[in-house]
Amino acid sequence: MKFEDTYLNDNVLDALYDMHFDECTPIQEKCIPEILDGHDVLGVAQTGTGKTAAYLLPILSLIDDGGFPQDATNCIIMSPTRELAQQIDQAMQGFGYYLDGVSSVAVYGGNDGNRYDVETKGLKLGADVIIATPGRLLSHIRMGHVDMSRVSFFVLDEADRMLDMGFSEDIMQIAKDLPDDVQTIMFSATMPDKIQQLAKTLLHNPVEVKIAVSKPAEKIQQSAYVCYDAQKIGIIKHLFKTDQLKRVIIFSGKKDKVKEITRELNRLKINCCQMHSDLTQQERDEVMYEFKSGQKDVLVATDIVARGIDIDDIQMVINYDVPHDVEDYVHRIGRTARADRDGVAITFVSDKDIFYFNQIERFLEKTITKNELPKGLGEGPEYKMLDKASQGRGRNGGHGKNSGRGKSGSKGGRGRGKGRDKKANTQPHDNANSNATPADGKKKENAPKRNNRRRRPQGKKPATDAKPKTSSPDTAHSTGQQG
């Protein structure tokens, strides 16, 4: 389905055209019409499926069409991490390039007092869209900096990760201040019981859209070492001794293990840094800067980085342990082989993790190469594939069939195809460079308008008796082109 076949407005479509985004991804095709129709949506989709655009595009289109108060916050987007909040904010700037009257502010944790003051000014001016981490937003709400009474859209991105990070009470505290008729949109990579319960609490008759987990890129060379925990550091010594490795990420599911691995790498004189939840926001920023700039060769991290990092030149990913969810495995190794580059993903499979690696191989429908242990490390555990009778144990990786209402019934078309480049068939995925602005830097004039555009249902349309909004570039930034 092409974006031109949706009812997104002309200003949003102009930005997509200039960014060479033509075809909807499956999650976008299913979600955009439902959000435009005013339905609550529960989406089950992983990072990389284009879910950010699936909710941002219709929300921006609706706000730009008008009918929402101009002196109030119209949309709140919740993110589990600062890194994801920044990516959403960047996508907002790209998709909203031609939206002169729509402003946004990103609100996330950190110890920078000046940053907090800037956020406060932006919030008090009434930015249309707030992109925030739960704890930081709650802090501003308690200080009276945010008016929640006229919010029309409430988005929870990576809701499962937010609950895993302990934000459940914060989310409910924020939600209780929202209007009863707020349109709620929730995305989650998995659907455990706690997510289903949260959805029942916050969503009203939601449309459910499920997109199966996509396979890792074929250019990733996947292999594994079947080993005991005590042998893992020896394997790392071997890998870094035989190759001059740089641009490497080592993942572990536990922050204590991340600290232990970092200590061992420092003893081996390997130029490394670490990322986990015990670091302050300022320390995280410093770590990411050092790694992105090449000052550090190896980043040891928990899964907080698996979804919140966008670096194109990662050569190797090492899974120090096996993720218990297939989605997490895909997120981790998806940090390499990006931007048409090759990449390597190596997983250490201990005797306790063999079952979970079985599940990953079943999902991938392939047998991952098992490397021989380096000489001197001894024998590892025996690797066995479980029979079908035992597959029901533990979590399984895939999702069910796609659901949701699919394509919109109308195929009116926009008549805007002249001069389109047939090669421009790319899609706005979550990690796409959505911060890009149109190449010519010029705003299109007199773009044809569609008369049969979708409109928000009357029952949920906010009042329009609001005063014009004013904003300052150094507080709340407008997504529209600045004169």
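Since this is a predicted model, take the numbers as computed values, not measurements. Numbering starts at 1 and runs along the sequence shown.
In this structure, Val344 and Ile346 have side chains that are in contact, with non-hydrogen atoms separated by less than 4.5 Å. The shortest distance between side-chain heavy atoms of Ile174 and Leu138 falls below 4.5 Å. Contact of the Val322 side chain with the Ile360 side chain is registered, since non-hydrogen atoms from C-beta on lie closer than 4.5 Å. Counting only heavy atoms from C-beta outward, the side chains of Val102 and Leu60 approach each other to under 4.5 Å. Put simply, the side chain of Met78 does not reach to within 4.5 Å of the side chain of Phe167, judged on heavy atoms. Two residues are said to be in side-chain contact when any heavy atoms from C-beta on lie closer than 4.5 Å; Asp303 and Arg332 meet this criterion. Residues Ile195 and Met186 meet the side-chain proximity criterion, which asks for heavy atoms closer than 4.5 Å. Using a 4.5 Å heavy-atom cutoff, the side chains of Val287 and Leu279 are in contact.
Residue Ile141 holds its CD1 atom at 9.5 Å from CG of Leu123, rounded to the nearest 0.5 Å. Gln28 contributes atom CD, which lies 4.0 Å from atom CZ of Phe3 (distance to the nearest 0.5 angstrom). Note: Asn271 CG to Leu245 CG = 13.0 Å, rounded to the nearest 0.5 Å. Summarising the geometry, atom CD1 belonging to Ile314 is positioned 7.0 Å from atom OG1 belonging to Thr336; distances are rounded to the nearest 0.5 Å. To the nearest 0.5 Å, the span separating NE2 on His39 from CD on Gln183 amounts to 8.5 Å. Taking OG1 from Thr133 and CD1 from Ile131, the interatomic distance works out to 11.5 Å, rounded to the nearest 0.5 Å.
No side-chain N or O of Asp22 forms a donor-acceptor pair with one of Tyr17 less than 3.5 Å apart. Using modelled atom types and a 3.5 Å distance limit, the side chains of Asp321 and Ser252 yield a donor-acceptor pair. Side-chain atoms of Asp89 and Gln93 form a donor-acceptor pair, as typed in the model, at a separation below 3.5 Å.
Taking all atoms of both residues into account, the shortest heavy-atom contact from Val155 to Cys75 is CG2-SG, 4.5 Å. Across Ser79 and Ala85, no two heavy atoms sit closer than the pair OG-N, 3.2 Å. A pairwise comparison of heavy atoms in Ser277 and Arg284 identifies CA-NH2, 3.7 Å as the closest pair. Closest approach of Ile27 and Val209 over heavy atoms only: CD1-CG1, 3.7 Å. Of all non-hydrogen atoms in Pro69 and Arg150, the two that sit nearest each other are CB-NH1, 3.7 Å. When all heavy atoms of Glu34 and Val207 are compared, the pair lying nearest together is OE1-CG2, 3.7 Å.
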Please output the side-chain donor-acceptor pairs of residues 258-268 that fall under 3.5 Å, not counting sequence neighbours, one pair per line with the distance.
residue : atom : partner : partner atom : Å
Lys259  : NZ   : Asp278  : OD2          : 2.7
Glu260  : OE1  : Lys257  : NZ           : 3.3
Thr262  : OG1  : Val258  : O            : 2.8
Glu264  : OE2  : Arg267  : NH1          : 2.8
Asn266  : ND2  : Thr262  : O            : 3.2

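Salt bridge annotation for Lys352-Asp229: present, with a cationic side-chain nitrogen under 4.0 angstrom from a carboxylate oxygen. The existence of a salt bridge linking Lys292 and Asp312 is excluded, since no basic side-chain nitrogen approaches an acidic carboxylate oxygen closer than 4.0 Å.
Atom NZ of Lys194 has more than 12 heavy atoms from other residues, nucleotides or ligands within 6.0 Å.
In terms of modelled atom types and a separation under 3.5 Å, the side chain of Asn9 and the main chain of Val12 share a donor-acceptor contact. Remark: the backbone N or O of Met191 is not paired with any side-chain donor or acceptor of Ser188 at under 3.5 angstrom. Put simply, the side chain of Ser139 never gets that close to the backbone of Gly135: no donor and acceptor are under 3.5 Å apart. Side-chain atoms of Thr73 come within 3.5 Å of backbone N or O of Ala127 as a donor-acceptor pair.
In this structure, Arg247 satisfies the cation-pi test against Phe291, with its NZ or CZ atom closer than 6.0 Å to the six-membered ring centre and inside 45 degrees of the ring normal. A cation-pi geometry, defined here as NZ or CZ lying under 6.0 Å from the six-membered ring centre and within 45° of its normal, holds between Arg115 and Tyr108. A cation-pi arrangement is absent between Lys254 and Tyr320, since the terminal nitrogen or guanidinium carbon is not both under 6.0 Å from the aromatic centre and inside a 45° cone about the axis.
With His145 as the partner, the side-chain hydrogen bond (donor to acceptor under 3.5 Å, both in side chains) test is satisfied by one option alone out of Lys124, Glu119, His140: His140.
Contacts classified as ring-ring contact (aromatic ring centres under 6.0 Å, His included) and involving residues 265-285 (residues at least two apart or in different chains) are not found.
Evaluation of the side chain to side chain donor-acceptor pair (under 3.5 Å) rule for Gln295 yields Ser293 as partners, not counting sequence neighbours.
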Derivation and outcome, side-chain contact (heavy atoms from CB on, under 4.5 Å), residues His204 and Thr184: CA-CA 8 Å; His204 303 285; Thr184 304; 5.7 Å; no
Given Leu137 and Ile130, is the side-chain contact (heavy atoms from CB on, under 4.5 Å) satisfied, shown in steps? CA-CA 9 Å; Leu137 179 62; Ile130 297 175; 4.3 Å; yes
Using the ring-ring contact (aromatic ring centres under 6.0 Å, His included) rule, take Phe357 and Phe348 through it: C-alpha gap first, then chi angles, then the decisive distance, then the call. CA-CA 10 Å; Phe357 204 66; Phe348 297 166; over 10 Å; no
For Tyr98 and Asp18: C-alpha separation, side-chain torsions, deciding distance, then whether side-chain hydrogen bond (donor to acceptor under 3.5 Å, both in side chains) applies. CA-CA 11 Å; Tyr98 291 121; Asp18 288 340; 2.4 Å; yes
Which is it for Phe251 and Tyr329 under the side-chain contact (heavy atoms from CB on, under 4.5 Å) test, yes or no, and what are the steps along the way? CA-CA 10 Å; Phe251 283 111; Tyr329 178 82; over 6 Å; no
Derivation and outcome, side-chain contact (heavy atoms from CB on, under 4.5 Å), residues Thr52 and Asp157: CA-CA 8 Å; Thr52 302; Asp157 198 348; 4.1 Å; yes
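Relative orientation of the Tyr55 and Phe187 rings is tilted, given thresholds of 30° and 60° on the angle between their planes.
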